[in-house]
Novice: 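Structure provided below as structure tokens; questions to follow.
These numbers were taken from a predicted model, which means no experiment stands behind them.
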Amino acid sequence: MVEGGVVKAADKTEFTECWKVTWKTPYIMRLAFSAGIGGLLFGYDTGVISGALLYIKEDFEAVGRNTFLQELIVSTCVLGAIFGAAIGGFCSDSLGRRKTILVADFLFFVGAIVMAVAPHPWIIIVGRFLVGLGVGMASMTAPLYISEASPARIRGALVSMNGLMITGGQFLAYLINLAFTRAPGTWRWMLGVAGTPALIQFVLMLSLPESPRWLYRANRVDEARTILARIYHPDEVEIEINALKESVQNEKEIEDSIGTTTLSKVKGAFKDPVVRRGLYAGITVQVAQQFVGINTVMYYSPTIVQFAGFASKSVALALSLVTSGLNALGSIISMLFVDRYGRRKLMIISMFGIITCLVVLAIVFQQASIHSPGISQVESAHFGANSTCPSYFSNVNKNKWDCMSCLKAQCSFCSNAENQYHPGACLVSNEDLKGSCLAQKRVWFEEGCPSKIGFFAVILLGLYIVSYSPGMGTAPWIVNSEIYPLRYRGVGGGIAAVANWTSNLIVSLTFLTLTETLTVAGAFLLFAGISFLALTAIFFLVPETKGLQFEEVEKMLKSGFRPKLFGKNTKGADSV
């Protein structure tokens with residue numbers, strides 16, 4: 001329900017109920033789908049940069065040599081999203097949800113064009129920042145718009161559709177990456193095509209109404225009533241209107257004491273114990289969503305596959321497509337079960353799977369590193385004395401060198417002509433030697449080494465995605481669309497979204513550096529440790545919100561949440 005009113009039993013708030021309701025009232029699905037394209041923008045940008053980066057490094061030598069510049073190209077979008085999420089919270093409350101989404105589309109479209117025509121890496125970074133502004137605004141406004149246009153009994157499934165659009169956008173990005181691998185301009189097409197869904201959403205949103213909640217708050221009661229009449233049965237419309245009236249009256253009483261500006265609301269949010277507890281939960285799940293390392297996989301998936309020993313860019317992109325497809329499948333699973341089993345339970349189960357996969361991934365990468373092929377002086381000399389890696393050539397302990405030692409010395413490994421797992425050559429990393437190596441039917445490795453167990457790493461990446469997507473992939477956004485009182489919903493969602501994007505920035509800006517400092521295995525082990533801390537925080541701070549009206553969530557937070565381990569739960573606070 002939009003606010004208040006009678007809801008059916010929680011067991012009805014499942015995907016089948018969503019299908020029945022939207023079949024009878026397709027207007028609800030139209031609203032949710034059109035707003036959900038914001039999730040597609042989010043997902044496409046996440047997925048497309050992972051493949052585009054491989055080719056940007058080829059076109060701009062400075063990018064290929066500079067790990068920090070690669071991280072900057074990836075993470076500047078996230079920096080823009082932080083500002084976008086903060087601005088989005090203000091805009092969604094002052095201008096409305098619909099207009100905020102339109103502004104986000106415009107910024108995304110302009111950013112995509114700037115990236116596509118960029119003559120220099122720094123222009124790509126400018127375009128990435130503009131795209132990030134749009135992504136940040138859409139990431140917190142689209143789920144809000146969907147939840148406010150949805151009956152409570154199917155709200156979770158419809159907001160999950162936003163998650164499905166995110167993962168669908170990632171899958172689409174990998175498909176487009178593969179489609180343009182042999183096209184002139186490769187990465188320019190990959191990044192430029194991103195403007196298409198933004199343009200489509202912009203056109204669709206022009207024909208859709210504002211959120212009925214926001215309209216009522218803006219004293220546009222007749223417009224709100226008209227929209228509610230298209231969503232609810234005629235007998236329920238007055239119930240919803242009365243509930244909104246009561247809610248807005250309460251909100252205005254509070255605003256008289258805390259003020260109406262964003263800063264005063266932020267201060268008021270942290271002073272109000274109900275909102276503060278909601279923020280503890282909302283920020284916890286958003287930060288946890290990023291620090292489990294998901295965007296290292298989504299932003300750098302092809303690079304990670306290369307770390308596992310698959311040198312070919314096309315193969316790396318193809319295998320990454322599999323992980324992206326599993327992510328989309330996980331979102332569908334979430335839509336089926338999020339309103340049946342609850343947000344909290346799915347997140348906790350998800351975290352157990354994530355931690356297990358990260359630990360095993362660390363072990364696999366460590367074993368692959370230990371058993372990487374050795375370096376042969378004969379193989380290295382085969383390409384000429386001036387071609388051998390200087391660090392290897394001058395080292396007195398050449399017999400201890402292997403492929404990983406070669407790559408750490410900023411050189412490249414050319415595999416053995418007979419068997420890539422036998423000792424090969426450690427060579428200076430340049431295009432001429434790469435061409436000579438490939439011309440002899442050998443394989444050129446720059447990011448990872450040949451490994452017989454590398455395929456297990458790809459399988460584990462898939463299992464990691466399967467563990468992540470149904471729970472931590474979608475549930476945090478659902479929790480944040482439900483956990484705040486109406487008077488703080490915009491600013492609360494903005495604060496949580498900023499926390500999400502700030503965490504995303506930290507992870508994406510440091511991953512490649514972590515792999516160089518701690519090795520790939522060490523980086524994944526670090527994420528496993530952080531994930532364990534996040535699991536603990538979720539258990540103690542995050543209540544269950546499935547099937548609850550917004551007023552019921554507020555009452556639950558007012559009395560405080562305690563997990564079962566420490567006492568009986570309040571209503572709706574089901575624990576695992």
Side-chain angles (χ1 to χ4, degrees), residues 1-32 35 92-93 96-98 143-159 161 208-255 274 278 338-340 478 481-490 492 544-559 570-572:
M1 311 294 274
V2 169
E3 191 78 35
V6 179
V7 295
K8 296 183 179 180
D11 60 359
K12 291 291 185 181
T13 60
E14 54 191 39
F15 185 72
T16 53
E17 179 69 9
C18 178
W19 175 258
K20 291 176 184 177
V21 172
T22 53
W23 180 260
K24 292 179 181 178
T25 315
Y27 182 70
I28 297 174
M29 181 58 75
R30 181 186 163 198
L31 290 172
S92 66
D93 281 345
R97 319 321 189 196
R98 174 176 169 272
L144 197 59
Y145 183 90
I146 294 170
S147 70
E148 292 181 347
S150 308
R153 61 187 180 275
I154 63 168
R155 189 196 315 136
L158 286 179
V159 177
M161 193 183 80
L208 290 175
E210 182 52 78
S211 156
R213 291 176 182 279
W214 188 87
L215 288 172
Y216 195 96
R217 179 65 183 84
N219 294 320
R220 294 158 65 177
V221 180
D222 291 338
E223 292 178 64
R225 188 190 303 273
T226 300
I227 297 167
L228 290 173
R230 301 187 67 178
I231 297 173
Y232 291 96
H233 188 276
D235 295 339
E236 297 178 312
V237 174
E238 285 305 316
I239 297 175
E240 300 303 320
I241 290 293
N242 291 333
L244 280 172
K245 180 180 179 180
E246 181 181 351
S247 176
V248 169
Q249 286 176 342
N250 292 335
E251 178 184 345
K252 288 182 177 179
E253 290 176 2
I254 293 176
E255 285 183 347
V274 173
V338 70
D339 279 327
R340 178 180 296 177
I478 298 174
S481 71
E482 299 174 330
I483 199 100
Y484 309 111
L486 176 60
R487 61 190 178 276
Y488 287 111
R489 190 155 300 135
E544 182 57 75
T545 59
K546 72 166 184 174
L548 297 181
Q549 300 168 41
F550 291 110
E551 302 95 328
E552 291 178 306
V553 174
E554 189 170 347
K555 289 177 182 177
M556 175 178 64
L557 292 174
K558 186 176 294 185
S559 61
T570 57
K571 183 179 178 182

Novice: Between Trp214 and Asp93, what is the shortest heavy-atom contact and its length?
Specialist: NE1-O, 2.9 Å
Novice: Over all heavy atoms of both residues, which pair between Met556 and Thr545 is shortest? Give the atoms and the distance, please.
Specialist: CE-CG2, 4.4 Å
Novice: Can you tell me how far apart CG (Leu208) and CD1 (Ile227) are? Round to the nearest 0.5 Å.
Specialist: 9.5 Å
Novice: Taking salt bridge (charged side-chain N to carboxylate O under 4.0 Å, His left out) as the definition, give me every residue that meets it alongside Arg98, ordered by chain and number, with sequence neighbours left out.
Specialist: none
Novice: Please report the shortest heavy-atom distance between Ser211 and Arg97, naming the atom on each side.
Specialist: CB-CG, 3.7 Å
Novice: Of all heavy-atom pairs between Ala224 and Tyr216, which one has the smallest distance, and what is that distance?
Specialist: CB-N, 4.0 Å
Novice: State, with a plain yes or no, whether a side-chain heavy atom of Leu215 is found less than 4.5 Å away from one of Asp222.
Specialist: no
Novice: Would you check if Glu210 and Glu223 make a side-chain contact, meaning some heavy-atom pair closer than 4.5 Å?
Specialist: no
Novice: Is Arg225 salt-bridged to Glu238, cutoff N-O under 4.0 Å?
Specialist: yes
